[in-house]
Structure formats: structure tokens, C-alpha cells
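Single-structure report; data block below.
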There are 2 protein chains.
Amino acid sequence: MSQKDNRPPTIYDVAKAAGVSISTVSRVINASSHVSDPTRERIQDAIDRLGFVPKAEARARAMKGFSRIGVLTPFFTAPAFVQRLRGIAEGLLSTPYELTIFAVESIEHLNHYLATLPLTAHLDGLILLSLKVNDQSANKLKQHDLETVLIEFPRPDLNTVEIDDLAGGEMAGNYLADKGHQSFGFIGDTSELREYTILPITQRLQGFQKALRERNLYLPSEFICKAEYDVQNAEEKIEPILKQKNHPTAIFAATDLQALGVVNKARALGLRVPEDLAVLGFDDLDIAGYVGLSTIRQSLEESGRLAVEILLSRIKDPDRPLRHVRLPLKIIERQST
Amino acid sequence: MSQKDNRPPTIYDVAKAAGVSISTVSRVINASSHVSDPTRERIQDAIDRLGFVPKAEARARAMKGFSRIGVLTPFFTAPAFVQRLRGIAEGLLSTPYELTIFAVESIEHLNHYLATLPLTAHLDGLILLSLKVNDQSANKLKQHDLETVLIEFPRPDLNTVEIDDLAGGEMAGNYLADKGHQSFGFIGDTSELREYTILPITQRLQGFQKALRERNLYLPSEFICKAEYDVQNAEEKIEPILKQKNHPTAIFAATDLQALGVVNKARALGLRVPEDLAVLGFDDLDIAGYVGLSTIRQSLEESGRLAVEILLSRIKDPDRPLRHVRLPLKIIERQST
DNA sequence: TGCTTTCACGGAAGTGCTTTCATGCTCATA
DNA sequence: TATGAGCATGAAAGCACTTCCGTGAAAGCA
């Protein structure tokens with residue numbers, strides 16, 4: 001019995017017990033591969049037998065960062081956030097970084113997070129999804145050297161991943177006009193509910209109007225409609241418009257969920273989609289593919305992956321310049337137009 | 001400028017700034033005597049100025065009462081996991097607990113997590129989503145006193161939240177038979193792809209068959225169909241069945257995504273849903289509501305909330321007995337049946 | 001004045017871990 | 001047969017501290 005008195009076992013004891021070097025033990029404790037199965041097993045065995053627990057303090061010392069990246073997200077009720085999150089998780093998959101999610105549910109909550117996370121959360125990096133960052137918070141982040149990437153919120157002094165909502169609106173207008181439509185409608189969501197998120201429907205609408213205007217087409221204000229970000233509410237709000245005898249023949253919805261509501265209601269009213277009514281969404285959620293909705297793809301997963309990429313590259317080398325990536329948009333034509 | 005870039009200051013930085021050796025700084029930090037007053041003051045000054053916090057201490061503090069709960073999930077590609085996660089996040093919202101997500105992508109990966117997380121992750125609790133836990137891993141969890149809740153995997157020695165898939169299948173059978181159907185089909189997913197997850201379609205199928213048998217109805221094996229967990233693949237796989245002249249009039253899909261594929265394909269083939277073909281799904285994903293799919297609700301969010309509740313109550317009082325909750329299922333009738 | 005104490009302080013050796021680099025090994029390729 | 005690619009492994013160099021030991025100078029005592 002070569003037990004070291006009654007002191008807690010160290011990695012050396014484990015190594016000796018398993019007949020390997022401490023490096024190899026460290027490898028099996030951490031995710032690293034490059035350890036053969038039999039060896040790994042022997043080591044696991046020794047760990048269990050000795051009741052070895054790595055001392056957190058020693059680890060902290062030896063390790064560079066915390067291996068933690070945090071994501072601040074409006075409470076993920078919306079599919080768009082989920083898909084972005086998926087991209088983030090995917091990007092982090094082959095890295096040693098942990099993914100910790102902080103759900104934001106009010107603007108105070110957000111600002112509280114932004115004030116305290118850099119100090120107490122022990123993060124190497126932070127990604128914010130569609131959240132407003134004011135000057136004060138931004139300074140705090142920079143002051144504490146917490147690398148940050150903003151998705152879907154512009155800020156010259158922080159890394160950002162954005163899309164061009166105005167251009168997206170224009171694409172929609174041009175696309176529908178090219179299809180020969182003459183009368184249009186728009187449905188967007190009322191984002192006033194949440195002051196801390198931004199859902200830039202206004203810009204999408206402006207782009208849409210701009211494209212139409214340039215072709216001498218017109219979007220009547222009575223065909224502009226706002227609804228909550230939700231299928232059912234969109235169904236209700238669009239109903240009076242679709243019931244008019246000369247309803248628009250093409251509707252651009254600022255989000256896929258609302259586009260789906262429009263399609264549902266149209267069908268329920270006996271309108272054929274796309275023959276009687278073309279519907280174009282925005283986002284390209286998974287669900288758009290499932291139900292054959294034409295839409296403008298904004299590469300949600302990609303935005304997450306990209307944010308991770310930017311974050312990790314800056315963590316690795318803080319001297320890299322800030323990046324402001326604008327993701328391309330693309331019309332995905334399916335069966336609703 | 002002798003600034004150490006952006007890295008947090010170390011004891012060396014303080015020593016240099018105060019013009020002393022690190023030993024002396026260490027003495028000051030640890031309140032040891034044998035330091036002259038002027039020197040002590042100079043050092044304190046430097047400490048304050050640099051905002052020095054001993055790293056190990058910081059780490060230890062961070063990990064002390066961790067307030068961290070981890071979720072192991074098959075890489076959240078499937079909406080069902082997302083909804084469970086949503087329930088978990090919701091349950092954690094008003095608590096001081098952080099939510100850290102560990103995405104599992106292979107069985108080795110899972111077992112590695114199970115072997116090392118109890119040691120190094122500093123978690124107060126762990127929730128596993130639809131993941132297989134073997135005896136060895138379970139022992140490890142218990143041995144390290146890591147409170148654990150399993151969702152959708154049965155184990156008498158750990159807390160569990162489950163549903164009764166067999167009963168769910170029976171509900172489907174009874175429901176469709178009550179509607180007067182005489183000929184049935186089934187589509188389920190091939191979960192062989194991922195040995196680490198469990199998608200208990202077999203039981204759903206068995207329950208379905210059982211209910212039908214008890215009414216002297218029959219599910220022909222040529223109408224049992226397996227597809228990947230995916231809308232498009234379901235569309236493809238169900239096509240030959242729907243094309244037969246006496247195709248079934250009711251199809252039970254073991255998951256909503258596949259149900260949706262069936263509905264899509266049926267419509268594409270000119271069949272009316274539900275007049276010519278009734279389709280019943282399983283899960284009640286958000287999307288089921290969006291597209292009017294009848295389904296069997298398994299309260300995905302609720303499973304997450306419940307898991308959190310169980311976990312927190314056991315963390316608070318480890319003497320509470322293990323819990324094995326079985327969530328009720330409910331038929332949600334919409335437009336596809 | 002000479003000698004021991006005392007005490008502030010620096011040097012350097014641990015501490016328990018991670019990580020980089022070097023090495024030998026086995027296969028597959030030229 | 002030479003070559004190298006890939007991988008499991010060990011040796012050793014950190015990491016950010018603590019602590020032990022030793023030194024020189026001031027202080028105390030005769």
C-alpha cells in the first residue's frame with residue numbers, strides 16, 4: 001500500500017496507481033482525446049478507487065481562461081433565438097468552452113447582467129442576441145476586457161453580426177413585383193412589448209416600401225398590419241384585410257411565424273396560396289421549410305456560428321481588430337409564392 | 001507604460017508596482033505580520049490601483065456555492081429538446097442558478113461527460129434529456145453527490161420524469177378507432193442512428209397495436225413505416241403507402257415532425273386531410289399548433305419545469321426521497337383528424 | 001565597542017495541475 | 001525499403017501563488 005498518508009490523492013497518486021504519467025491522467029480528466037481505451041479505463045479505475053478529485057484552485061492556476069462563454073438572450077420563446085443558439089452551440093462543440101445561458105426578461109434584468117457579469121460570471125466571452133446595449137454597459141464590458149459579440153444590434157465599438165434589414169425589405173419588394181403583383185400588403189410585429197429586444201421590422205417595412213416606390217407601385221397604409229409575434233394573432237389581424245374584395249395579391253410578412261398565420265387564414269378563407277395570394281416570410285425558420293413557405297433567409301444558425309468564431313479568435317488574440325459582419329440575405333422560393 | 005496588456009494583474013505586477021518582492025505582497029494579502037507599515041501601505045496601494053484579485057481565490061469563490069445547474073442534451077437539433085430546455089430555463093428564471101448546457105454528440109462523449117462532470121464542472125445539479133445512463137455512470141453521479149434528474153429515461157436509483165409511451169400509443173389507437181377508422185398506418189423514426197439517445201417509438205407503436213388488437217382491428221405490417229426524424233424524409237417514406245389505392249384512412253405518427261411530413265405528402269397527392277386521411281402526431285410541438293395538427297401532448301415544457309423543481313428541492317434538502325414522476329398525456333384535437 | 005536578537009524582506013523551492021514539445025511506435029504510402 | 005503521417009505517451013516547462021530559509025541591518029545588551 002503506497003497510500004500517501006491520509007492526504008487527499010493528487011494527480012500523481014493516480015498516475016502512479018495507473019502506471020502512467022500525470023500528463024495522461026490530465027488528458028483523461030479533461031476532454032482531450034489521444035488516450036487509448038485500455039489506458040483510459042485503467043486511469044478511470046484508479047481515479048475511482050482513490051476517490052481523486054482535482055483541486056479546483058490548482059486547476060484555475062494552471063488554466064489560462066475560464067473556458068466559459070455566456071449567451072444573453074431574450075427568454076428563448078422565439079424560434080429565431082433557438083436557431084441562433086443552435087449555431088452557437090454548434091460552433092462551440094469542438095472547443096473546450098462551456099456554454100452558459102442567461103435568459104433576459106426585462107430591461108432592468110439586462111442591465112443588471114451587463115453590469116455584473118463581467119465581474120462575477122468568470123466568462124471568457126459573451127454573445128448577446130438581439131439585445132440593446134447602451135453606452136454605459138458597453139464601457140463596462142470593454143473596461144473589464146470581456147470579449148463580446150453582438151448579434152443583431154449595431155455598435156461600432158463592439159463586434160457585431162448583423163443583417164441588412166432594409167435590403168431585405170427591398171428584396172421582398174423586388175421579388176414580389178417581379179412576380180407581377182400589383183397590390184401588396186405587409187404584416188409585421190409589434191415589438192413594443194419588449195423594450196430590451198430589437199426586432200427591426202420597421203426597416204424591413206421601409207425597404208419594402210422603397211422597392212415598390214421605385215417601381216411606381218404602392219403599399220396602401222390600410223394593408224399594413226401589425227400583430228404580435230405569434231401565428232394566431234397574425235391570423236386574427238390579417239383576417240379583415242383578406243376579407244376585402246380587392247385584397248392584396250401578395251403579402252410580405254416581416255417574420256415567418258406571421259407569414260404562417262397569413263397562409264393559414266388565407267386557406268381558411270378559401271383563398272389558394274399562391275394562386276390567389278402569395279405570401280413571403282422572413283427568417284427562414286426550420287418551420288418555413290416544413291410547411292413550404294417562401295421566405296428570405298437570414299442564416300440564423302450561421303449568425304451564431306460566426307459570432308462564436310469571432311469571439312474565439314479575439315479571445316485567442318485580443319489584438320485582432322473589431323469585426324462587423326453583415327450576413328447576406330437570400331430569397332428561398334418554396335410553395336407560397 | 002508597464003501595463004500587462006489586458007490580462008488580470010498577478011502578484012508579480014503588484015510586487016513590481018510597489019517595488020517589493022512577491023513574498024512581501026503575499027504576506028500583506030495573507031495578513032501575516034512581519035511587514036513594516038510603510039511597505040504594507042505601498043503594497044495595499046498598488047493592489048487597489050491595479051484592481052488585483054488573486055486568481056485562485058476568485059476561482060474558488062466562483063466555484064464555492066456554485067449555483068450552477070447543468071443540462072446534458074443530445075445536440076439540440078430536435079424541437080422537442082428545445083421545448084424541454086425552455087421549460088428548464090423558465091424554472092430556473094427566478095432562482096440564482098446558472099444554466100450551463102452540455103451538448104452531447106456521441107455515446108463516448110456522453111460517457112466522458114458523465115465521468116468527468118461530477119469532478120470538474122462544479123455543478124449543484126444535473127438534468128439529462130433523453131439520454132441513456134448506465135450503471136457505472138449512475139454510480140459515479142451518486143458517489144459524488146451530484147443531484148440528478150433524468151427526463152425520459154427510467155432508472156429507479158435516480159430522479160426521473162417520464163411519460164408513458166405505451167399508454168400514449170394506446171390513446172392514439174383508441175382515439176382513431178373511436179373516430180370510426182378501420183384501416184391504419186404508422187410512421188415512426190429510426191432512432192438507431194444515435195445510440196446515446198432514446199426515442200421510445202417502439203413503445204408507442206406497441207401501445208397503438210395493442211389498442212387496435214383489443215378492438216379486433218389490425219395494423220398491417222406494410223403500413224408500418226420508418227423514417228428519419230425529419231419532415232422531408234417522412235414525406236418520402238410515406239409516399240408509397242399513400243399511393244396505394246386502399247391506403248389507410250388514419251395514420252399515427254410517433255412524432256409531430258413526421259406527422260407533418262405525412263400531412264404534406266397527403267395534400268400533395270390530392271388527399272384531403274382529415275376527410276381522406278386523418279393524421280395524429282405525438283409531442284405537441286409548437287409547430288403542431290401552428291399548422292393545426294392533432295396530436296398527443298406530452299407537456300414538454302412541463303417536463304423541464306418539473307425536473308428543475310425536483311432538482312432544487314433535493315439540492316435544498318438531500319434527504320428528500322427520490323421522485324419518479326410520470327407526466328400525463330392528452331389528446332389535442334385540431335384539424336388533422 | 002562587540003555581540004547577539006530581532007525583524008523586514010528577497011530568493012527559491014514547492015504546490016497540483018495543464019500544456020507544449022519531443023519521442024517512439026505503428027501503419028500506410030511512395 | 002525508405003518515408004512520413006498519425007497517434008499514444010512522457011518529460012518538462014509553465015501557472016499564480018504560499019512558504020521556508022537565509023540575509024543584512026537595526027536594535028538591544030553588556
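Numbered from 1 within each chain, the chains take letters A, B, ... in sequence-line order.
- Put simply, the side chain of A/P54 reaches to within 4.5 Å of the side chain of B/T120, judged on heavy atoms.
- Salt-bridge annotation for A/R155 and A/D135: present, with a side-chain N of the basic residue lying under 4.0 Å from a carboxylate O of the acidic one.
- The environment of B/R320 atom CZ is sparse: at most 12 non-hydrogen atoms of other residues, nucleotides or ligands sit within 6.0 angstrom.
- Distance B/I29 CD1 to D/dT19 C1': 13 Å, rounded to the nearest Å.
- Nucleotide D/dC29 has C/dG2 as its partner under the Watson-Crick or G-U criteria, with both atom distances under 3.5 Å.
- In this entry the distance linking CD1 of B/I43 with P of C/dA8 reads 12 Å, nearest Å.
- If you check the side chains of A/R59 and A/N30, you find a donor sitting under 3.5 Å from an acceptor.
- Salt-bridge annotation for B/E90 and B/R86: absent, with no side-chain N of the basic residue lying under 4.0 Å from a carboxylate O of the acidic one.
- OP1 or OP2 of D/dA8 has at least one side-chain nitrogen or oxygen of A/H34 nearer than 4.0 Å.
- Enclosure of atom CD in B/E41 is not indicated, since only 12 or fewer non-hydrogen atoms of other residues, nucleotides or ligands lie within 6.0 angstrom.
- Checking the phosphate oxygens (OP1, OP2) of D/dT9, a side-chain nitrogen or oxygen of A/S36 falls inside 4.0 Å.
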Kindly give the atom pairs (protein nitrogen or oxygen, nucleotide nitrogen or oxygen) under 3.5 Å for nucleotides 10-15 of chain D.
from	atom 1	to	atom 2	distance (Å)
D/dG10	OP2	A/S21	N	2.8
D/dG10	OP2	A/S21	OG	3.0
D/dG10	OP2	A/T24	OG1	2.7
D/dG10	O6	A/R27	NH2	2.6
D/dA11	N7	A/S23	OG	3.4
D/dA11	N6	A/S23	OG	2.9

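- Rounded to whole angstrom, the span from the CD atom of A/E57 across to the C1' atom of C/dC17 amounts to 9 Å.
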